[in-house]
K.L.:
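Please find one structure pasted underneath; my questions will follow.
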Amino acid sequence: MCLAAFAIRLQSGFPPPGFQPWTACCRLPLLPPATGFHSVEHRIPLQSLDNAFDQGELRAWHERLLKVLDRADDSPLPLVGELKIDGNALALSYRHGVLERAATRGDGSSGEEITANVRTISSIPLRLQIDDPPEWVEVRGEAFIPDDTFAAINNERAARGDALFANPRNACAGTLRQLDPKVVAARRLDFFAYTLHLPDGPSPANQWQVLQWLEQAGFRVNPNRELCDGLNGIERFCDRWEQQRHQLPYATDGVVVKLNDLRLQNKAGTTQKAPRWAIALKYPAEEAPSRLLKLVVQVGRTGAVTPVAEFEPVALAGTSVSRATLHNADRIAELDLHLGDTVVVRKAGEIIPEVVRVLPELRPSDATPVQLPQHCPECGSNLVREGDEAATRCVNSSCPAILRGGLRHWVSKGALDVDGLGSKLIEQLVDRGLVGSLADLYRLDAALLASLDRMGDKSATNLVEALEASKQQPWHRQLYGLGIRHIGEVNAKALAAAFFSINSLAAAALEAPEQIAELHGIGPEISASLGQWLRTPANQQLLQNLQSVGLSLEANASEQQAASQAGADADGVLQGKTLVLTGTLPNLSRSEAKALIEAAGGKVSGSVSKKTDYLVAGEAAGSKLTKAESLGVTVLSEADLTALLQP
């Protein structure tokens with residue numbers, strides 16, 4: 001590619017019709033990075049696919065398809081098998097053969113316009129390589145990051161001290177939403193095309209011809225595809241690639257099966273969410289055996305002790321895994337874990353490692369059972385398990401682990417949002433005895449901070465200023481930052497809206513707890529937890545100390561006015577409803593979705609139960625979606641939620 005063409009791939013603008021990148025001069029200026037993305041409507045809805053998780057479900061789909069097509073004969077129905085690339089769907093619009101617009105899938109009806117970024121992907125042609133291109137055509141496919149590229153990106157990030165990407169799919173999604181196309185170009189994304197929409201003129205007659213058309217037009221099409229004469233051939237294709245997929249240089253998570261004949265596709269039609277003529281057969285979660293080396297425990301900010309299994313490293317879903325949480329003592333007992341056991345490990349949802357089971361037949365004869373320690377590994381205090389609670393806890397409020405966790409929570413984005421105070425610095429402050437409580441943070445000075453490891457004068461000054469600015473955070477953030485059990489961001493907002501200061505909240509919690517329990521979404525458990533926290537002398541002293549260093553612990557006039565107005569408008573469409581968010585929404589961040597729900601009177605919970613009214617599910621929804629479906633909970637897409645919130 002010449003320099004001019006490369007410049008076109010990096011610039012935010014769009015070449016005019018008739019522009020020839022291979023003949024242009026090289027004096028093209030690069031435009032500055034984009035300031036954001038805007039939403040665009042898809043000309044044709046970009047539906048998701050229904051899933052099958054085994055051959056039985058695949059055959060059931062095939063039977064439904066035959067009924068829809070009213071095919072009573074035994075002649076095979078030609079099907080196309082294509083590998084399901086674990087990436088991010090894109091819709092590419094070409095006018096007169098030139099790339100005009102690129103958009104993300106979004107909610108299927110609309111997505112984000114990311115044309116400038118997509119122009120940096122070398123496997124996506126800027127101009128179709130065919131004679132007499134149609135006036136308009138839309139091509140769809142999957143953007144992805146190859147495994148070796150992903151490894152190189154993470155190595156570079158590790159060298160810079162940046163957080164690593166969890167997997168190639170997440171890295172690809174984050175890359176496509178970069179505001180600077182040059183960053184996208186550096187990440188070296190790839191693309192496979194698989195769908196074509198030609199509204200006018202002659203069109204291919206079947207999906208196999210569509211893939212051939214795309215190749216001729218200059219797109220990369222996955223070579224590992226097969227035209228099968230019926231279901232038996234597709235089943236063999238799926239079986240073969242379940243075994244061979246690990247030899248590929250990119251991630252796949254299943255096989256997409258499509259009816260080959262486009263005329264029959266139109267006859268089969270679609271449901272509200274998915275086409276009837278296609279289905280995705282998802283591979284089961286990858287599992288691998290490993291040897292259990294030891295059990296370690298981590299102490300969280302509430303004192304909860306989390307056991308973690310450490311085992312010999314194994315490769316799972318493209319990454320090396322050597323640790324997995326065991327949740328609590330009950331899970332350890334259920335697995336009957338012994339040191340030296342051979343355990344089977346998998347990644348739940350292809351992301352979170354978990355120990356699935358033990359292979360007792362491989363247990364060493366001298367293996368000893370694994371148990372939680374009786375004493376806190378941080379402070380040596382006795383660990384306690386209260387009533388029927390699953391968690392085991394350290395109840396020493398002076399425990400360094402609890403203090404470190406409390407400090408991290410206090411400065412987090414949802415709470416006081418103090419920039420520049422990370423985990424490493426917090427560890428130094430606690431280990432050197434410089435900070436013994438939340439209030440001590442506000443007694444630090446720049447000279448002292450500058451003497452710490454990896455802290456210079458400028459960083460120290462900035463941190464002191466950030467701490468001072470955090471005193472102006474709203475009352476509900478201060479309440480959430482205290483880290484009281486069962487009081488998350490949503491409950492903190494509800495409590496702060498009903499009680500405008502820590503004094504009025506404490507009076508209700510200690511003298512009339514029923515006032516708190518009756519608040520929507522609160523209940524007696526949260527009320528009791530709040531009362532217990534406020535009765536603790538150490539916490540009473542903490543509140544006094546926070547106020548002495550300048551924290552108001554109360555709502556200002558504008559916050560009170562907003563809360564009063566919200567109470568007057570408490571007839572929102574979601575009033576009294578509980579919603580759960582899961583997966584990645586196409587346009588809204590998690591915090592934006594929560595804000596919309598709360599503004600409409602709803603509550604956002606972190607877990608699905610019989611009391612859940614709606615589950616709002618995005619991409620990679622995982623176990624919450626499965627549980628919601630088993631409980632009969634209504635599942636909403638982002639578009640469904642937006643429609644529900646319309647006046």
Side-chain angles (χ1 to χ4, degrees), residues 151-166 171 174 183 294 296-306 308 310 313 319-320 322-323 325 373 375-381 394 396-473 477-478 480-483 538 542 545-546 548-551:
I153 290 171
N154 265 352
N155 288 338
E156 293 170 2
R157 294 178 70 84
R160 295 194 303 267
D162 296 339
L164 303 185
F165 287 119
V183 175
K294 63 179 178 178
V296 297
V297 293
Q298 300 172 339
V299 183
R301 64 178 178 83
T302 65
V305 173
T306 302
V308 177
E310 293 192 351
T319 60
S320 178
S322 59
R323 292 164 58 91
T325 178
H375 298 90
C376 175
E378 293 278 352
C379 67
S381 301
C394 173
N396 173 20
S397 59
S398 299
C399 175
I402 296 176
L403 175 59
R404 289 194 296 267
L407 291 169
R408 285 192 293 267
H409 180 70
W410 178 261
V411 303
S412 66
K413 289 193 177 295
L416 278 290
D417 192 15
V418 180
D419 190 30
L421 190 50
S423 295
K424 295 293 185 183
L425 182 54
I426 286 174
E427 288 181 10
Q428 285 192 71
L429 294 172
V430 173
D431 293 346
R432 298 190 185 190
L434 300 176
V435 170
S437 74
L438 302 179
D440 288 344
L441 289 174
Y442 297 90
R443 300 188 177 102
L444 297 170
D445 59 53
L448 176 61
L449 288 169
S451 69
L452 299 177
D453 296 342
R454 300 182 180 181
M455 287 291 289
D457 292 338
K458 181 63 174 177
S459 298
T461 300
N462 290 342
L463 179 53
V464 170
E465 292 175 353
L467 285 165
E468 185 64 27
S470 73
K471 296 177 183 179
Q472 306 306 314
Q473 290 287 10
R477 283 183 172 234
Q478 298 176 39
Y480 170 62
L482 293 173
L542 171 63
N545 292 342
L546 287 171
S548 71
V549 295
L551 275 297

K.L.:
Determine the minimum heavy-atom distance between Lys471 and Val549, stating which atoms define it.
P.N.:
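Smallest heavy-atom distance, with atoms named: NZ-O, 2.7 Å.
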
K.L.:
Tell me whether Asn155 at atom CG has more than 12 heavy atoms from other residues, nucleotides or ligands lying less than 6.0 Å away.
P.N.:
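Count over threshold, so yes.
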
K.L.:
For Gly481 versus His409, what's the shortest heavy-atom pair and its separation?
P.N.:
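It is O-CD2, 3.4 Å.
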
K.L.:
Can you sort out the partners of Lys294 under salt bridge (Lys or Arg N to Asp or Glu O under 4.0 Å), two or more places apart, ordered by chain and number?
P.N.:
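Listed in chain order: Glu310.
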
K.L.:
Considering residues at least two apart in sequence or located in another chain, which fulfil the side-chain hydrogen bond (donor to acceptor under 3.5 Å, both in side chains) criterion with Lys424?
P.N.:
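With sequence neighbours excluded, Lys424 shows a side-chain hydrogen bond (donor to acceptor under 3.5 Å, both in side chains) to no residue whatsoever.
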
K.L.:
Quick one: which residue pairs count as a side-chain hydrogen bond (donor to acceptor under 3.5 Å, both in side chains) with a foot in residues 452-463, not counting sequence neighbours?
P.N.:
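Checked against side-chain hydrogen bond (donor to acceptor under 3.5 Å, both in side chains) - neighbours excluded - no pair reaches residues 452-463.
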
K.L.:
Are side-chain heavy atoms of Asn396 and Cys376 found at a separation under 4.5 Å?
P.N.:
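Answer no - side chains too far apart.
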
K.L.:
Below 4.5 Å, heavy atoms only, C-beta onward: do Leu429 and Leu449 meet side chain to side chain?
P.N.:
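Counting from C-beta outward, Leu429 and Leu449 do come under 4.5 Å.
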
K.L.:
Contact between Leu546 and Gln478 at the side-chain level, heavy atoms closer than 4.5 Å - yes or no?
P.N.:
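SC-SC contact between Leu546 and Gln478 ruled out.
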
K.L.:
For Tyr480 versus Gly414, what's the shortest heavy-atom pair and its separation?
P.N.:
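Distance-wise, the nearest heavy atoms are CD2-O, 3.4 Å.
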
K.L.:
Which atom pair, heavy atoms only, marks the closest approach of Arg301 to Gly405?
P.N.:
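Looking at all heavy atoms of both residues, the shortest contact is CB-C, 3.3 Å.
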
K.L.:
Show me the donor-acceptor pairs within less than 3.5 Å that the side chains of residues 438-446 make with the rest of the protein, sequence neighbours left out.
P.N.:
from: Asp440; atom 1: OD1; to: Arg443; atom 2: NH1; distance (Å): 2.7
from: Asp440; atom 1: OD2; to: Gly436; atom 2: N; distance (Å): 2.7
from: Asp440; atom 1: OD2; to: Ser437; atom 2: N; distance (Å): 3.3
from: Tyr442; atom 1: OH; to: Trp410; atom 2: NE1; distance (Å): 3.0
from: Tyr442; atom 1: OH; to: Ser470; atom 2: OG; distance (Å): 2.9
from: Asp445; atom 1: OD1; to: Ala447; atom 2: N; distance (Å): 3.2
from: Asp445; atom 1: OD1; to: Leu448; atom 2: N; distance (Å): 2.7

K.L.:
At their closest point, which heavy atom of Leu416 faces which heavy atom of Arg477, and how far apart are they?
P.N.:
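The pair with the smallest heavy-atom distance is CD2-O, 3.9 Å.
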
K.L.:
How would you list, by chain and number, every residue that makes a salt bridge (Lys or Arg N to Asp or Glu O under 4.0 Å) with Glu465, sequence neighbours excluded?
P.N.:
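Here no residue qualifies.
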
K.L.:
With heavy-atom distances below 4.5 Å as the criterion, would you say the side chains of Cys379 and Cys394 are in contact?
P.N.:
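With C-beta onward as the side chain, the pair touches.
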
K.L.:
So which heavy atom on Pro377 is nearest to which on Val297, and how close?
P.N.:
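The pair with the smallest heavy-atom distance is CG-CG2, 3.3 Å.
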
K.L.:
Under the salt bridge (Lys or Arg N to Asp or Glu O under 4.0 Å) rule, collect the residues that match up with Arg404, sequence neighbours excluded.
P.N.:
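Arg404: salt bridge (Lys or Arg N to Asp or Glu O under 4.0 Å) contacts with Glu378, Asp431.
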
K.L.:
For the pair Leu403 and Ile426, evaluate side-chain contact (heavy atoms from CB on, under 4.5 Å) and give the outcome as yes or no after the intermediate values.
P.N.:
CA-CA 9 Å; Leu403 175 59; Ile426 286 174; over 6 Å; no

